[in-house]
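Working notes for the structure below.
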Amino acid sequence: MAKIVMKFGGTSVADLDRIRHVASLAKREVDAGNQVAVVVSAMAGETNKLVGWTRELSPLHDAREYDTVVAAGEQISAGLTAVALSAIGVSARSWLGWQIPIRTSAMHGSARIEQIEPDLLNARLAQGQVAVIAGFQGIAQDNRISTLGRGGSDTSAVAVAAALKADRCDIYTDVDGVYTTDPRIVSKARRLEKIAFEEMLEMASLGAKVLQTRSVEIAMLYRVPVRVLSTFDPDNGGTLLCDEEDIVEKKPVTGIAYSRDEAKITLHRISDQPGIAAAIFGPLADAGVNVDMIVQNVSADGKKTDLTFTVSRSELARALDAIEKARDAIGYRDIISDANVAKVSVIGIGMRTHPGVAQTMFRTLSEKGINIQVISTSEIKVSVLIAEEYVELAVRALHSAFELDAA
Ligand code: ADP
Ligand code: ASP
Ligand code: MG
């Protein structure tokens, strides 16, 4: 007998037939003698609709009310899934974040889970009742509903698995595992049997939305065995997150990720002297803007230079506003921004031992006539910023260049 957490994403619970199918998958685990907690997302499209309504009423809405609205999607699917389970004779009840409770920080809209009380859930699981948990939501210290950021049900599932000390956490989605790149844009993408936590963490944070980044961090920290599986073909495929040591074949590049949620800002003719970077990035941090890639040119005359950095596209307006307010302290000549950019990254723990990855990447892009605007690297990834219109071309070309194409 095992204790398992099964997470189903939006497309897996998109309509009543699919919810019936989800119930049948949970029943299969119950019939095999397992204790089962099911974590569900909102039905496909629901969260987008709720976010849209909130923004339409007021672009500058209160984040606490945003959470009250957008958390509602998961309430519906949790209730419906519990009903579907009962209808096929499986004892089940729904749990909202506050009922467990799942306690989070007060960062409404992108809260972090701080603590999950396992006792109530464990008692019911021991009685053979399936716990159907609304993903994506929790309760903050101010006693208000909070949500975990888009894609946050993955994090709910892995965190619940950690709190319950579950034997495994199965993430059921609309693809049958983690692929070398997004299989929706590269038909030759290959499914990975296993992926190291560190690589999955980079893939997720660099744009692969198959798992929310925070869910991978929690899995790594609490050693939760996580598998990614298809809801529609659960007995085939799958990808297991594992330790680096468990990967036998270490190719230089394991996967390619891309993100369109990027924007570039350039400040022209800033002084090349100590304190200027602080004058720029201080106000951005105060405005809650995350800066990602940064390049500063060498000044030709030792006095004036240009600085380019990237922020997420949704934060561009806020970033420009913060910079313009600090204009006097920074002292730039002019500022330009570009929201039609995207970031493409190659990722692999094999990079540590295989030199030349960056060079292959740059050569491949140049052969396709794609200009690189900004570069950033870490031990296991190389990222480049390019014009958004070339994203798919770049990802496909790199996928072939690093020999990732399926035979
Ligand atoms: P869910 O609603 O089940 O949480 P998501 O849409 O959030 O599903 O995540 C699954 C999607 O992630 C897939 O449909 C796929 O397009 C996308 N994706 C991006 N990169 C990858 C990758 N490397 N491997 C698998 N899927 C990926
Ligand atoms: N429903 C939420 C979203 O669309 C959470 C999730 O699906 O994981 O972002
Ligand atoms: Mg998701």
Side-chain angles (χ1 to χ4, degrees), residues 1-9 26 29 32-39 95 97 100-105 111-122 125-126 131 133 135-136 138 148-149 151-173 176-179 191-206 208-229 234 237-250 254-255 257 347-350 352 378-381:
M1 193 191 79
K3 196 192 282 183
I4 56 184
V5 175
M6 308 169 78
K7 181 263 173 177
F8 296 92
E29 296 290 3
N34 297 318
Q35 292 187 8
V36 178
V38 174
V39 175
W95 294 86
I100 295 174
I102 295 178
R103 298 201 182 278
T104 75
S105 67
R112 281 167 78 93
I113 295 178
E114 290 180 341
Q115 199 222 337
I116 299 181
E117 190 47 67
D119 294 352
L120 272 177
L121 284 180
N122 266 328
L125 292 182
I133 300 167
F136 184 50
L148 309 178
S153 297
D154 299 325
T155 300
S156 308
V158 178
V160 164
L164 294 177
K165 300 194 168 54
D167 296 285
R168 43 174 228 268
C169 179
D170 292 339
I171 307 281
Y172 287 87
T173 182
D176 67 349
V178 178
Y179 278 67
R191 181 176 56 82
L192 299 162
E193 287 285 326
K194 291 177 179 176
I195 183 166
F197 287 117
E198 292 84 349
E199 292 174 324
M200 191 63 236
L201 202 57
E202 293 281 9
M203 291 275 282
S205 71
L206 294 166
K209 72 167 182 165
V210 60
L211 288 176
Q212 199 195 35
T213 309
R214 183 70 189 136
S215 71
V216 185
E217 279 171 8
I218 296 175
M220 202 166 149
L221 197 61
Y222 295 94
R223 322 298 310 160
V224 181
V226 173
R227 289 191 305 170
V228 177
L229 302 163
T239 299
L240 182 72
L241 305 199
C242 66
D243 286 318
E244 201 176 314
E245 296 73 50
D246 300 330
I247 308 265
V248 185
E249 189 205 9
K250 292 194 177 83
T254 303
I347 296 133
I349 47 178
R352 293 197 186 116
S378 79
E379 206 190 359
I380 63 162
K381 70 117 205 257

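In this chain, residues are counted from 1 in sequence order. Quantities reported herein were computed from a predicted structural model and do not represent experimental measurements. All values below come from the heavy atoms of this structure, side chains included, with hydrogens, waters and symmetry mates left out.
- Separation of atoms CG (L201) and OG1 (T213) is listed at 6.5 Å; rounding is to 0.5 Å.
- Rounding to the nearest 0.5 Å places CG of L125 at 11.0 Å from CG of N34.
- Side-chain atoms of V158 and M220, non-hydrogen and from C-beta on, never get closer than 4.5 Å to each other.
- A distance of 7.5 Å separates CG of L148 from CD1 of I102, quoted to the nearest 0.5 Å.
- E199 contributes no side-chain N or O that, together with a main-chain N or O of I347, makes up a donor-acceptor pair within less than 3.5 Å.
- The 12-atom threshold is not exceeded at CD of E193, counting heavy atoms of other residues, nucleotides or ligands nearer than 6.0 Å.
- The shortest heavy-atom contact between Y172 and P234 is CE2-CB, 3.9 Å.
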Could you go through Y179 and M203, starting from their C-alpha distance and side-chain angles, then the distance that decides it, and tell me whether this counts as side chain to side chain contact (heavy atoms under 4.5 Å, CB included)? CA-CA 10 Å; Y179 278 67; M203 291 275 282; over 6 Å; no
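- Looking at T155, its side chain does come within 3.5 Å of a backbone N or O of S215 through a donor-acceptor pair.
- V178 and T239 get closest at one heavy-atom pair: N-OG1, 2.8 Å.
- Minimum interatomic distance between A26 and V36 (heavy atoms only, all atoms of both residues): O-CG2, 4.3 Å.
- Between the side chain of K3 and the backbone N or O of L164, at least one donor-acceptor pair lies under 3.5 Å.
- Remark: side-chain polar atoms of S105 are not paired, donor with acceptor, to backbone N or O of A111 under 3.5 angstrom.
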Decide yes or no on side chain to side chain contact (heavy atoms under 4.5 Å, CB included) for T254 and I247, but give the supporting numbers first. CA-CA 11 Å; T254 303; I247 308 265; over 6 Å; no
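- Between the R191 side chain and the G238 main chain, a donor and an acceptor come within less than 3.5 Å of each other.
- S156 OG to I100 CD1: the interatomic distance, rounded to the nearest 0.5 Å, is 8.5 Å.
- The distance from atom CG of L241 to atom CG of L211, rounded to the nearest 0.5 Å, is 6.0 Å.
- The distance from the CZ atom of F197 to the CG atom of D246 is 9.0 Å, given to the nearest 0.5 Å.
- Taking a 6.0 Å sphere around CZ of R112, one finds it holds 12 or fewer heavy atoms contributed by other residues, nucleotides or ligands.
- For the pair V160/I116, a side-chain contact is recorded, criterion being any heavy-atom separation below 4.5 Å from C-beta on.
- No side-chain heavy atom of I133 sits less than 4.5 Å from a side-chain heavy atom of V38.
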Determine, step by step, whether M200 and V210 satisfy the side chain to side chain contact (heavy atoms under 4.5 Å, CB included) criterion, reporting the C-alpha distance in whole Å, the side-chain angles of both residues, the deciding distance to 0.1 Å, and the verdict. CA-CA 10 Å; M200 191 63 236; V210 60; 3.8 Å; yes
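- The salt bridge (charged side-chain N to carboxylate O under 4.0 Å, His left out) test applied to E244 returns R352, not counting sequence neighbours.
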Side chain to side chain contact (heavy atoms under 4.5 Å, CB included) evaluation trace for D170 with V5: CA-CA 6 Å; D170 292 339; V5 175; over 6 Å; no
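- Listed by first and then second residue, the salt bridge (Lys or Arg N to Asp or Glu O under 4.0 Å) pairs that reach into residues 155-167 come to none, sequence neighbours excluded.
- Taking every heavy atom of both residues into account, A219 and V226 meet most closely at CB-CG2, 3.8 Å.
- In terms of heavy atoms, V228 sits closest to T173 at CG1-CG2, 3.9 Å.
- With hydrogens and angles ignored, the 3.5 Å screen pairs no side-chain donor or acceptor of E198 with any backbone N or O of I380.
- The two residues A208 and A257 make their nearest non-hydrogen contact at N-CB, 4.3 Å.
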